[in-house]
Protein chains: 2
Amino acid sequence: MKHDFSTHHRMSVATDVVVLTTDNKPLSNNRKVAEKGLQLLLVKRDEEPYNGCWALPAGFVNYDEPLLECAKRKLREKVGLDDIYLEQLYSYGDDVNRDIRGRVISIGYIALAPKEKILLNSERAGKEAEWFWIESATSEWEPDRLSFIAVKDPSVRITSLAFDHRMIIADALNRIKNKIMYTDVGFHLVNELFTVKELQTVYELLLGREVQAFRRVLNDKIIETDQWTDGKAHRPARLFKQR
Amino acid sequence: MKHDFSTHHRMSVATDVVVLTTDNKPLSNNRKVAEKGLQLLLVKRDEEPYNGCWALPAGFVNYDEPLLECAKRKLREKVGLDDIYLEQLYSYGDDVNRDIRGRVISIGYIALAPKEKILLNSERAGKEAEWFWIESATSEWEPDRLSFIAVKDPSVRITSLAFDHRMIIADALNRIKNKIMYTDVGFHLVNELFTVKELQTVYELLLGREVQAFRRVLNDKIIETDQWTDGKAHRPARLFKQR
DNA sequence: TTTACTTAATTACAATATGTTATTAACTAT
DNA sequence: ATAGTTAATAACATATTGTAATTAAGTAAA
């Protein structure tokens, strides 16, 4: 049986982007030290299906549009983000009913950036986009155990998302976790100039454990600059950049 | 601008499978010791475009067919392979003209199996399918440098393949190479019972270098059985299985 | 049936890398 | 000044890895 390249095999293709960053958790009464946390960007859907549900920034790929370009466009349109690190995650299409409207293949992407870089751009747009806290996991992230806590209002804790987006998010987190020690992916979550402590915090949040002798491990991946943190209490920390 | 789930955004989706295995290279005059090599399965296309060209086993996904199911079906139909390890590799759709017939997104898969397991099944079918040698690379595999040498007739060396399949193959090889030390993926390239040397050879072919103290590294991933190789010259080797 | 040869498996030791704790440095707040 | 806090380095113990040497178990040939 030969394929005649007819149209009745054609289906919709979408890109879904998991945007991750880190930020300081608000100071509470019993904590004097600023604690970092992982954040995820979600948007509120304004059409069926899952109207009103929180979801990943996503949308359909145009017929003449590269996949990566579509992911970038969706971030621009829905969140006002531009010029952010993107890598392909996985393609979702084993459940043929994952979208009630018809057959949809989703190409998952991961976007990473330090919060400072994202804030600048996202001021412009991002009406229905919000940041949510993700609790650091000691072992692997599991879709069923993920919950998302609104950064603006910590009393808002959601567990249900549109489509299979919980699975995509868990996959994204586990992918980054598994890569971080063997690749340079962690640098995308800090500024161009960073302290050792800042980078270490990123690693520890993703791994869900402490990393010992971090400076020594990173020694051949970073270059020291002659700049230092200032304005903060206690001894200043040297700023580094990626080698 | 809202998406109306109309049909003019729809496109074709295909799965392309990179089937890898290892086998003994033929003994030549100046080599007394059996040398192992990496092998790749290619099929000869019998329709346009690239009619007559060697290509990866691939084909279009049916509207109601899971992606993984499609990859399995293509291996069955085109090569007669069944029940083989499959993992998703990457999705190709940044070049909108990668298929002259129209917009096609390809979901790449990697299939791994020891040659013995594949031989059994592929006897039944596989008319236009052939194995090709891949030279082990010391650093990373690059699409432009890949050439494929027919196992049946080493004088046949091809460099041009259909579509962007050279890129997909290079990606597959690099993916496995980068994973092999941190995952258990290497076990899929040996039989259920294997000697330490057999497994080590798989690692060294993929890494393009020697691996020292291999037994020690693998110590907590393997279990020794009370079976031994026989029929071969010299001291028998103990057979192990994956823990 | 020795002996040479080859591969398998283990052992021993050196070199390197990592885990852990202690020490020194540099700042702020009192 | 002094206490308190974070940064950075140093020092040492332990674990892991690289490398070579040794022993074991078979075949093939003298």
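Residue numbers start from 1 in every chain, and the chains themselves are labelled A, B, ... in the order their sequence lines are given, proteins ahead of strands.
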_Can you tell me how the ring of B/Phe132 sits relative to the ring of B/Phe148, calling it parallel under 30°, perpendicular over 60° and tilted otherwise?_
perpendicular
Just the atom pairs and distances: protein N or O near nucleotides 16-22 of chain D's N or O, under 3.5 Å.
from, atom 1, to, atom 2, distance (Å)
D/dG18, N7, B/Arg216, NH2, 2.6
D/dG18, O6, B/Arg216, NH1, 3.1
D/dG18, O6, B/Arg216, NH2, 3.3
D/dT19, OP2, B/Gln212, NE2, 3.4

*Between A/Leu218 (CG) and D/dA7 (C1'), how many Å, whole number?*
16 Å
*Gap between atom CG of B/Asp164 and atom CG of B/Leu56 - 0.5 Å precision*: 9.0 Å
_Treating A/Thr225 as the side-chain partner and A/Leu239 as the backbone partner, does any N or O pair qualify as donor plus acceptor under 3.5 Å?_
yes
*Side chains of A/Gln242 and A/Lys221: is there a donor and an acceptor less than 3.5 Å apart?*
no
*Would you sketch DNA chain D in dot-bracket for me? Only Watson-Crick or G-U wobble pairs with both distances under 3.5 Å count, crossing pairs as [ ], other-strand pairs as |, the rest as dots.*
||||||||||||||||||||||||||||||
*Take atom CG of B/Asn219 and atom P of C/dT11, then tell me their distance rounded to the nearest Å.*
12 Å
Where do N or O atoms of nucleotides 23-30 of chain C meet protein N or O atoms at under 3.5 Å, pair by pair?
from, atom 1, to, atom 2, distance (Å)
C/dA25, N3, A/Arg235, NH1, 2.8

*Sort and list the pairs that fulfil side chain to side chain donor-acceptor pair (under 3.5 Å) and have at least one residue in residues 196-213 of chain B, not counting sequence neighbours.*
B/Gln200-B/Glu204
_With A/Phe187 via ring pair (Phe, Tyr, Trp, His ring centres under 6.0 Å) - residues at least two apart_ = A/Phe194
*asked:* Whether the A/Asp171 and A/Tyr92 side chains hold a donor-acceptor pair (N or O, under 3.5 Å, no angle test) is what I'd like checked.
replied: yes
*For A/Tyr109, enumerate each residue passing the ring pair (Phe, Tyr, Trp, His ring centres under 6.0 Å) test, keeping only those at least two apart in sequence or located in another chain.*
none
*Atom CZ of B/Arg215 to atom P of C/dA9: distance rounded to whole Å?*
8 Å
*asked:* Can a donor-acceptor pair be found, under 3.5 Å and without considering hydrogens, that links the side chain of A/Asp16 to the backbone of A/Ser106?
replied: no
*Would you indicate, yes or no, if C/dA8 has its OP1 or OP2 atom less than 4.0 angstrom from a side-chain nitrogen or oxygen of B/Arg238?*
no
*Roughly how many Å is it from CD in A/Gln200 to P in D/dA8, rounded to a whole number?*
11 Å
*asked:* Could you go through A/Asp23 and A/Lys36, starting from their C-alpha distance and side-chain angles, then the distance that decides it, and tell me whether this counts as salt bridge (charged side-chain N to carboxylate O under 4.0 Å, His left out)?
replied: CA-CA 6 Å; A/Asp23 204 352; A/Lys36 284 269 181 179; 5.1 Å; no
*Rounded to the Å, how far apart are B/Phe194 CZ and C/dA8 P?*
15 Å
*Check the distance between C/dG19's P and A/Phe214's CZ and give it to me in whole angstrom.*
13 Å
*Let me know the distance between CH2 of B/Trp228 and P of D/dA25, rounded to the nearest Å.*
8 Å
*Counting only N and O atoms by type, is there a donor-acceptor contact under 3.5 Å from the side chain of B/Thr229 to the main-chain atoms of B/Ala237?*
yes
*Tell me: CD of A/Glu224 to C1' of D/dT9, nearest whole Å?*
12 Å
